[in-house]
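Worksheet: one structure, shown below.
Whatever order the structure lists them in is the order used to number ligands and atoms, beginning at 1.
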Amino acid sequence: MFRSPSLLSFTSGLVTVFNMAVPTVCCYVWRHVPRSVFKRARFRLTLDSKFHSSSPAHSGLLLSLHKRGILKDTFPDKAAQDELPRLLQSGSQTIYCGFDPTADSLHVGNLLALIGLLHFRSAGHNVLAVLGGATAEIGDPSGKASERERLSVEAMQANGHSIRESILRIFANHEAIFHDSNKPLGTVTILNNRRWFKKFTVVEFLSEVGRHFRMGSMLSRHSVQSRLKSEEGMSLTEFTYQVFQAYDFYHLNQTVGCRIQLGGTDQLGNIMSGHEYIRKVSGEDVYGLIIPLVTSTVGDKLGKTAGNAVWLNKDKTSTFELYQFFLRLPDNSVEEYLRLFTFLPEAALENLMEQQREDPSKRLAQKRLAAEVTKLVHGKEGLESAKRCTRALYHSSVNALEEMSDEELQELFREAPFHELLYEPGTSVIEACRKVCAIPDGPKGYIMVSAGAVSINHVQIDNPEQVLIPKIHILSNGLTLIKVGKRNFYIIKWLSL
Ligand SMILES: N[C@@H](Cc1ccc(O)cc1)C(=O)O
């Protein structure tokens, strides 16, 4: 029997750049797309009043998320007033959010989506994370100036595996540390969309699903418009992305009754496509919850594409670096971040901010924020580790250095060379420094040490001939930390015979 190529290999193989079609397409849009579509596609600013339901009993969760800054908007626009609050009141709902495994870790931007889901879970709703094994192969053009490099299926699977682990870890930390155990907690499900796309051939998909999509609305999406205008244009593969995400929503609606999708502002177009598709095929009303994109303190999108990501896996951003990222936030951002990234109730938050305003130099708000986020992402042990590293590095604490595991050390001094050397009694400071190339050869290095440029385990050295003394220069964990100048670190792990 004839079988057409499988859907995924067909679409991801299509690198036919859409450029050639741009002029025709633009004319098409201009002539055929109703004005109202453009108007709807434009992101509208939310008015507070929108989240006030006509019946106050219904508006609770949405309103509080809106006040925290997590819920930026809903789709359709008017649903926030009545339909959505009513739906959430009517019983446990399933809320989903998708994550494409295009990297081996999620980042802080994704954390906000997980936190959004967690608020719903804490309110007794069921949450569903979709790993986009299939959609990652297509590549979402939303918010991206150019097409993503194609990743191998193996890399995608490995990424998916690692992302699944981190989602489960964060959800488990939330349950153990932040959830009030007297309150009902919804379920968590993680599904990979490869599962349902696998069954289609490309012909079947286009014939069964594709026919319900209108070119006019597809072309009106912001992600498409901005790319069509760019020099690079857009491939057919990327152009079809919204159909895949729309189908996910439909599939989850049909199989588990999911009626709510959560996503960042860049996902609005994809969510709208799902909404239109489901309405058309099954007549059911579904909704989108739009969360803000996390930006850096100077306003850049904080994410993988922007190249300044803060990752959630500790082999990419250590617990210490994550902690420090939040600790370093400027005063004018900390309140906003506390609302977005912690589960602190409003009263506790205001209290904390009042203390912060009394004496900003104590950085109480930043410390609390950093602690809460680190606990959520890496658990209590993660926070302990981050604090230990902070003491070791910034408070020159020898005790903290002594308590550190090899793994923590390497995480903390990621950039620092790590040397394992055989310990020979009688080794001097200058010899140790030379062995790890911490100082230049010859008299220049000798002079540097004599001038006090080198410290060992946070104690400044001025005698290059000083013999390394166990317990002082070699800590009980077999470690010597050499610092040259302000920020050059070298770690020696002494091995004994
Ligand atoms: N498109 C989303 C990920 C996603 C994947 C599949 C979905 O069904 C939903 C969302 C993103 O790039 O962030």
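- Ligand 1 has a nitrogen or oxygen under 3.5 angstrom from a nitrogen or oxygen of Asp140.
- Of all atoms in ligand 1, numbered sequentially from 1 with element shown, those under 4.0 Å from a heavy atom of Thr135 are 5 (C), 6 (C).
- The closest approach between Tyr96 and ligand 1 falls below 4.0 Å for a heavy atom of the residue.
- Near Gln261, with a cut-off below 4.0 Å to any heavy atom, the atoms of ligand 1 are 9 (C).
- Just one of Phe213, Phe244, Trp196 meets the ring-ring contact (aromatic ring centres under 6.0 Å, His included) condition when paired with Phe205; it is Phe244.
- Here Glu321 does not pair with Lys314 in a salt bridge; the nearest charged N to carboxylate O distance is not below 4.0 Å.
- Distance alone, capped at 3.5 Å, places no donor-acceptor pair between the Asn313 side chain and the Ser166 backbone.
- Taking the six-membered ring where the residue is Trp, the centroids of Tyr247 and Tyr250 are separated by under 6.0 Å.
- Of all atoms in ligand 1, numbered sequentially from 1 with element shown, those under 4.0 Å from a heavy atom of Asp248 are 6 (C), 7 (C), 8 (O).
- In this pair, Phe326 and Tyr337 present their aromatic rings perpendicular. The plane angle is above 60°, beyond the 30 to 60° band.
- Salt-bridge formation is not detected for the pair Glu83/Arg86: no Lys NZ or Arg NE/NH1/NH2 atom is positioned less than 4.0 Å from an Asp or Glu carboxylate oxygen.
- Listed by number with element, the atoms of ligand 1 under 4.0 angstrom from any heavy atom of Tyr241 are 1 (N), 2 (C), 3 (C), 4 (C), 5 (C).
- Atom numbering of ligand 1 starts at 1 in the shown order; those under 4.0 Å from a heavy atom of Gln267 are 1 (N), 2 (C), 11 (C), 12 (O), 13 (O).
- Lys280 and Glu276 are not joined by a salt bridge, as no carboxylate oxygen comes within less than 4.0 angstrom of a charged side-chain nitrogen.
- Taking only nitrogen or oxygen atoms, main chain and side chain alike, Lys144 does not reach within less than 3.5 Å of ligand 1.
- Within ligand 1, the atoms closer than 4.0 Å to a non-hydrogen atom of Gln245 are 1 (N), 2 (C), 4 (C), 7 (C), 8 (O), 9 (C), 10 (C), numbered from 1 in the order shown.
- Look at Gly98 and you'll find a heavy atom under 4.0 Å from some atom of ligand 1.
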